[in-house]
2 protein chains.
Amino acid sequence: MPLFVVRHQHSPETCPARDPAMGAMLLNHLSRPSAARHGLTIKAEAVVRGAHSLFFIAEAADEAGLQEFLTPFRMAGEVEVMAASTCAGVVASGGCDMLPTPVPVASLDPADACQDAIEAGLLVHRAHPLNGETWVPELAGGAVMPNGRFYLRNHFDMPCVDAERYRLSVDGMVERRLELGLRELRNLRSESLVVTLECAGNGRSLFEPAVPGEVWGLGAVSTAEWTGVPLTEVLERAGLRPGATELLFRGADGGLVEGLPAPIRYERGLCLDQIREAGALLAYEMNGEPLSSPHGFPLRLIVPGWYAVASVKWLTEIVVTDRPFEGHYQTDKYWYQWVRDGREEGEPVTLMNVRALVASPGEGTTLQRGETAIRGVAWSGAASISRVDVSLNDGPWRQARLVGERRRSAWQWWELITQLEEPGPLAIRARATDMAGRTQPESAEWNRLGYGNNSIHRITAEVI
Amino acid sequence: MPLFVVRHQHSPETCPARDPAMGAMLLNHLSRPSAARHGLTIKAEAVVRGAHSLFFIAEAADEAGLQEFLTPFRMAGEVEVMAASTCAGVVASGGCDMLPTPVPVASLDPADACQDAIEAGLLVHRAHPLNGETWVPELAGGAVMPNGRFYLRNHFDMPCVDAERYRLSVDGMVERRLELGLRELRNLRSESLVVTLECAGNGRSLFEPAVPGEVWGLGAVSTAEWTGVPLTEVLERAGLRPGATELLFRGADGGLVEGLPAPIRYERGLCLDQIREAGALLAYEMNGEPLSSPHGFPLRLIVPGWYAVASVKWLTEIVVTDRPFEGHYQTDKYWYQWVRDGREEGEPVTLMNVRALVASPGEGTTLQRGETAIRGVAWSGAASISRVDVSLNDGPWRQARLVGERRRSAWQWWELITQLEEPGPLAIRARATDMAGRTQPESAEWNRLGYGNNSIHRITAEVI
């Protein structure tokens, strides 16, 4: 919705707030429900002291409605209406004097989405496409991450899918081609799973030498309760033809990619065994709310245990085939490229590596001497977490307590309560080990595109 | 907190948004968490089009902090900071040039809190004190209920507790009297539990004849992941003296109650055995976010399995005693008063009764013929849910499938997928049974104050 800054100025003699009845009338006029009746959303208002000057910032469907709303203020003095943009809009369009680029209604307004993300507290790396991570100290607090603080990773503009017209097509080597609307999907057997998703590039910025790609810190990971249809339920309805071994998942998002001659869609493949083992879900709810557009409304494939690249958002098509998919995001990207003994070696990005993060205390914080809780999260795509060890000032590893339920595909919250006696710098390291026996390396192996960085996390605080 | 209007103006040449990296830096600087680190709450911001002029309205603990926050803007151009008042403040003090009356910050503004509740979608029964329930169709979606949609039940104005000055006192028959600040509480052993809370009066409006009290429909129930300190951990630190058997919990909320001569605080008692069996928690987080003021910031006692009357919000005091508590909310209210064979019988309100609700389809909705999912939630304070049965048009009971994890103290999501062939009205009933063998009665026994109504839920839809 268009944004406006409004300034109202009156003389001391005509100050309407001098008459309590008139003042109360104006207050009610300015109230959110009254503004809503005029098609307005008032974001904030304030009266400058000693200046008889009222400012407010509001969204209005059109300026005429706003002008009409302002009638009582025009009777008391001057009114100035200034067309405005969000800060995110200005940054996305490259400066204050650029006109915002018109966005086809098929996409979410990137500026609005970015504004929402920063208001929810994401650390935004890029506005267009929107990429933002959770602040590491906010990873703590239990299993569930509030939806607004769940990191966002996009390759293209975020599509805005019409719920009424939406269909998931299941095609290819199937007995029956399916076209499932949202209502039909919701009428199928459902499942709820608490699943951690991590971007394969999480921690990329910590690789040395630097690698290309989104400069993720460590907060491109979060956990939610996802609710939807088990993928196998849909596949059973379609019926697989003999010889079918692979599935291609296509999202509604797409566009031009450097080095490719024509626009592509976001596509990923998985083989049937991988899908069954992971327990993949076609999710339409996230933490008890309908999936939001930035998180893939109306349907997101959730592949527990896998780096989130596999969990295709805005899923519109599933194609059953008999050969592995080899598209851009399957073979050009999301591929480990190591240099070992001078030779190139490669491997696709699949399950999340085992990893622990220290969420509390935060990097650079000051701690008082005495009893202190050190807390964080730990997860692994291969198995549940079996233990987390913590080392203070490079001392011996001490086993942390695992808190809360142990889940197959969700992070484990952990804590170590310790006595801090000595003032001075405190280095905290945490190392996770999973039930499959995998543990974290001191330093993850460097690779050209910076994937899977599960080096042991180290933060430094100050004890006073 | 003091309010300010800020205007920043730069020349077209120094427009920082021209450089995407600088733009992103400023966006993150303006983000809510970044502002919070400077002691600021930004209410709204907007950039006036074609004028290189940014306005924002913010609350700041002091102007010096605000000025420091503005440093990056001062480097790009001018900055004007205008001290301001709210419109409500101006009207209350009789004009723009009057000094605003200082307002004690002891309570949440009931109008703001009510506005927030309405905006989040609660069905508000009363604004003052604020009482609102979740819409029954929104109970579905998994285990977790988004915080904004979690029902609110208050007996008094909601206190606004200062986090810095907050102390939980543990006193009475203890070895060591404790005064625990929020930091100390967070440094104790923690636990995360998914727990359903239900108001004892949930469903009261369905009793016939009508009973006095808040006219709850069926949505005064919700589930969240609560994180905090096990109560036993705090009790162990205090050390119980011999003979201690009971605990009194006191909230920061209080006021006058009809029929009592002096203001009281919200207080409830529990005996030590009950606390240990329930696994009571002193919660400071709700679904991964710090507890909000309406839900009891900074600390809420969570007593799994019990009607929510036991889960005291804004907990400030725990008193260890050797006798049962007999205050107003223990013995005048929250007491079953039955009339059986012409005789009065009574019993305290304790564990939640076993109960299922149909969340989808919603009452009065229209369903298309064919495959349909019937879904809802079921819970019991005594044990996990063992089964849920559904009856269509008063036909035979059919067992529904239980979805998701089975938890001791959280509701169980369930579903029945069925074929609807006949057009016409469809009555859906759902009945829960728990592991302790308790099941729902056709009609719960009427009692004077309308507690514990677990009559079988019936909704009517229309098949077309």
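Chain identifiers are assigned alphabetically (A, B, ...) following the order of the sequence lines, protein sequences preceding nucleic acid strands; residue numbering begins at 1 within each chain.
Interface remark: A:Leu3 contributes side-chain atoms only to the contact with chain B (heavy atom separation under 4.5 Å). For A:Trp226, no part lies under 4.5 angstrom from a heavy atom of chain B. Contact annotation for B:Val5: only side-chain heavy atoms (C-beta onward) come within less than 4.5 Å of a heavy atom of chain A. Neither the backbone nor the side chain of B:Ala35 comes within contact range of chain A; no heavy atom of the residue lies under 4.5 Å from a heavy atom of that chain. Of the two parts of A:Val124, the backbone and the side chain both hold a non-hydrogen atom closer than 4.5 Å to a non-hydrogen atom of chain B. At a 4.5 Å heavy-atom cutoff, the contact between B:Leu27 and chain A is made by backbone and side-chain atoms alike. Both the backbone and the side chain of B:Ser31 come within less than 4.5 Å of a heavy atom in chain A. Heavy atoms closer than 4.5 Å to chain A are found nowhere in B:Leu139, neither backbone nor side chain. Residue A:Glu225 touches chain B through its side chain alone, counting heavy-atom pairs closer than 4.5 Å. In this structure, chain B has heavy atoms under 4.5 Å from both the backbone and the side chain of A:Glu191. Within the 4.5 angstrom heavy-atom criterion, no atom of A:Ala117 approaches chain B. With a 4.5 angstrom heavy-atom cutoff, A:Leu188 touches chain B via backbone and side-chain atoms both. Only the side chain of A:Thr227 comes within less than 4.5 Å of a heavy atom in chain B; its backbone stays farther off.
A donor-acceptor pair shorter than 3.5 Å cannot be found between the side chains of A:Glu184 and B:Gln368. For the 3.5 Å distance criterion, the side chains of B:His52 and B:Gln9 fail to qualify, holding no donor opposite an acceptor. Judged by distance alone, the side chains of B:Arg149 and B:Ser222 never bring a donor and an acceptor atom under 3.5 Å apart.
Put simply, of B:Glu285, B:Glu45, B:His10, the one with the most heavy-atom pairs under 4.5 Å next to chain A is B:Glu45. Among A:Met145, A:Met286, A:Arg186, the residue making the largest number of heavy-atom pairs under 4.5 Å with chain B is A:Arg186. For the set A:Ser190, A:Ser192, A:Gly370, the entry with the most heavy-atom pairs within less than 4.5 Å of chain B is A:Ser190. Considering only heavy-atom pairs separated by less than 4.5 Å from chain B, the leading option among A:Ala127, A:Gly288, A:Pro290 is A:Gly288. Of the listed residues B:Val47, B:Asn287, B:Ile57, the one with more heavy-atom pairs under 4.5 angstrom with chain A than any other is B:Val47. Across A:Gly404, A:Gly228, A:Ala143, the residue that shares the most heavy-atom pairs under 4.5 angstrom with chain B is A:Ala143.
The side-chain tip of A:Arg406 does not point at the ring of A:Trp414 from less than 6.0 angstrom away and within 45° of straight on.
In this structure, the side chain of A:Arg375 does not engage the main chain of A:Glu415 through any donor-acceptor pair within 3.5 Å. Between the side chain of A:Asn147 and the backbone N or O of A:Glu289, no donor-acceptor pair lies under 3.5 Å.
Taking 4.5 Å as the limit, some side-chain heavy atom of A:Cys87 sits within range of a side-chain heavy atom of B:Leu54. Residues B:Phe4 and B:Glu63 form a side-chain contact, since some pair of their non-hydrogen atoms from C-beta on lies under 4.5 Å apart.
Note that CD of B:Glu59 and NZ of B:Lys43 are 4.0 Å apart. Values are rounded to the nearest 0.5 Å. A distance of 12.0 Å separates OG in B:Ser360 from CD in B:Glu138, rounded to the nearest 0.5 Å.
By the 6.0 Å contact criterion, CH2 on A:Trp135 is enclosed, its count of non-hydrogen atoms from other residues, nucleotides or ligands being greater than 12.
Using a 4.0 Å cut-off between a side-chain N of Lys or Arg and a carboxylate O of Asp or Glu, B:Arg189 and A:Glu371 do not qualify as a salt bridge.
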